[in-house]
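Taking it in order: structure first as structure tokens, then the write-up.
Each ligand, and each atom within it, is numbered from 1 in the order the structure gives.
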Amino acid sequence: SSFSRRTYAARAAEHPHPLARELLALMARKRTNLSVAADVATKAELLALADAVGPHICVLKTHVDIISDFDADLVARLQALAERHGFLIFEDRKFADIGNTVKLQYGAGLYRIADWAHITNCHVIPGEGIIRGLAEVGAPKGRALLLLAEMSTAGMLATGAYTEKNVEMAVANPFVIGFIGSRRFTEERDLITMTPGVGLHAAGDALGQQYRSPDTIITENGSDIIIVGRAIYGPGKDPAAEALRYREAGWAAYERRLA
Ligand code: 6AU
């Protein structure tokens, strides 16, 4: 039967990629399909947020180039929180350059992303070489990649034939475990979809972001993981309470899908 109708636990047992197995198994064990998008400006804010939402998430999504005081100590502490709470780290780097350049951007520089991020993502604008370059660095370390098959924003250009090319490249490259996008794209290789642009209240923001509900994304569209940012840590919010709310909404939507 289709992957959308199978449990995360059943999929964990059979997934070809070890990191995807680990992810699906921890989702089943922790009963969460929530990823928090931590777009915050300092080490202290990122660590406090990761600690507060840690019990409720399967994946912490970071943008480390936003952090004004980034250092190796931040990485060590994030890894300790990931261990303690049981979540994976996804650096949302959105690589988009030629294979040789992305290898350097992924493995070296200030951030050394491949040393600590379980998952990262890329645009396939340059063609398949970008995936091969990232895989040369990340595959030996047990990392994995998501392709940006779609985006959440108004007027985005990742549609039609471009989206289909993403799916073809993902199916053909074992380093790829899935997509950023709004729905399940294929029944091949159990590729996992993670969906940003999820919110229960706002319709969007002033810069093109668009929000849909966990029900639309998980139950109707067959996506696997909801990515929620400002709805959880925005002004006046209690991040732990909001993370619990989205975790419960995401899990209920998954259970409805299975039913
Ligand atoms: O919930 P928000 O709107 O506060 O944050 C959404 C997060 C941000 C974006 O960089 C990211 O999700 N994102 C992505 C990702 C995950 O790659 C793709 C996309 O199409 N839209 C989007 O918002 O950290």
Side-chain angles (χ1 to χ4, degrees), residues 23 33-42 45-46 49-50 52-53 56-67 78 87-96 102 105-106 111 113 117-125 130-131 134 144-160 162-163 166-167 170 176-183 185 191-214 216-218 221 223-239 242-243 245-247 249-250:
L23 173 59
N33 53 20
L34 173 65
S35 169
V36 165
D39 289 12
V40 294
T42 64
E45 286 169 277
L46 180 54
L49 181 58
V53 304
H56 300 304
I57 63 175
C58 56
V59 173
L60 179 73
K61 192 181 79 60
T62 57
H63 279 301
V64 281
D65 54 359
I66 298 177
I67 307 289
L78 273 182
F87 59 75
L88 299 186
I89 304 173
F90 165 18
E91 167 56 23
D92 183 6
R93 174 61 179 75
K94 296 187 179 72
F95 293 100
V102 297
Q105 292 173 316
Y106 185 29
Y111 302 116
I113 293 165
H118 301 99
I119 300 166
T120 192
N121 55 354
C122 77
H123 292 288
V124 297
I125 280 282
I130 189 170
I131 301 174
L134 293 169
L145 181 67
L146 304 175
L147 304 185
L148 281 132
E150 290 176 339
M151 293 195 73
S152 58
T153 36
M156 63 93 182
L157 305 177
T159 61
Y162 181 80
T163 301
N166 275 263
V167 177
V176 178
I177 60 163
F179 307 98
I180 296 295
S182 67
R183 58 193 166 87
F185 293 99
L191 292 155
I192 293 166
T193 299
M194 303 193 192
T195 305
V198 173
L200 287 165
H201 302 296
D205 70 11
L207 297 174
Q209 179 67 295
Q210 307 175 116
Y211 293 116
R212 289 150 301 177
S213 71
T216 302
I217 295 306
I218 300 287
N221 294 5
S223 174
D224 297 302
I225 290 174
I226 52 172
I227 298 175
V228 186
R230 287 164 287 177
I232 283 176
Y233 67 81
K237 307 267 186 190
D238 171 349
E242 293 302 326
R245 184 201 308 278
Y246 278 91
R247 173 207 196 157

Could you find the nearest protein heavy atom to [atom] and give me its residue, atom name and distance?
| atom | value |
| --- | --- |
| atom 10 (O) of ligand 1 | His63 NE2, 2.9 Å |
| atom 2 (P) of ligand 1 | Tyr211 OH, 3.5 Å |
| atom 12 (O) of ligand 1 | Pro196 CB, 3.4 Å |
| atom 8 (C) of ligand 1 | Asp39 OD2, 3.5 Å |
| atom 21 (N) of ligand 1 | Ser152 OG, 2.7 Å |
| atom 1 (O) of ligand 1 | Gly229 N, 2.9 Å |
| atom 16 (C) of ligand 1 | Asp92 OD2, 3.3 Å |
| atom 24 (O) of ligand 1 | Lys61 NZ, 2.8 Å |

Report yes if Tyr233 has an N/O atom closer than 3.5 Å to an N/O atom of ligand 1; otherwise report no.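 In fact, backbone or side chain, Tyr233 has no N or O that close.
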
Evaluate Thr153 for polar contact with ligand 1, using N/O atom pairs at a separation under 3.5 Å. no

With sequence neighbours excluded, residues passing salt bridge (Lys or Arg N to Asp or Glu O under 4.0 Å) with Arg183: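 Glu150.
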
Work out which heavy atom in [X] is nearest to a heavy atom in [Y]; give both atom names and the distance.
| X | Y | value |
| --- | --- | --- |
| Ala38 | Leu49 | CB-CD2, 3.7 Å |
| Met151 | Ala158 | N-CB, 4.4 Å |
| Tyr246 | Val228 | CD2-CG2, 3.8 Å |
| Leu34 | Arg247 | CD2-N, 3.9 Å |
| Asp224 | Leu191 | OD2-O, 4.2 Å |
| Gly250 | Ile218 | O-CG2, 4.2 Å |

Pick from Gln209, Lys94, Arg93: the one approaching atom 6 (C) of ligand 1 most closely through a non-hydrogen atom: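 The nearest heavy atom belongs to Gln209.
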
Checking heavy-atom distances from atom 7 (C) of ligand 1 to each of Gly234, Ala37, Gly204, Gly199, the winner is Ala37

Number the atoms of ligand 1 from 1 as they appear, then name those within less than 4.0 Å of a heavy atom of [X], with their elements.
| X | value |
| --- | --- |
| Arg230 | 1 (O), 2 (P), 3 (O), 4 (O) |
| Asn121 | 17 (O) |
| Met151 | 18 (C), 19 (C), 20 (O) |

Hey, are Glu91 and Thr62 close enough side-chain-wise for a donor-acceptor pair under 3.5 Å? yes

Could you tell me whether ligand 1 has any atom less than 4.0 Å away from a heavy atom of Leu148? yes

Just heavy atoms, cut-off under 4.0 Å: does Met156 contact ligand 1 by side chain, backbone, both, or neither? neither

Stepwise side-chain contact (heavy atoms from CB on, under 4.5 Å) check, Tyr111 with Asp65: CA-CA 8 Å; Tyr111 302 116; Asp65 54 359; 3.7 Å; yes

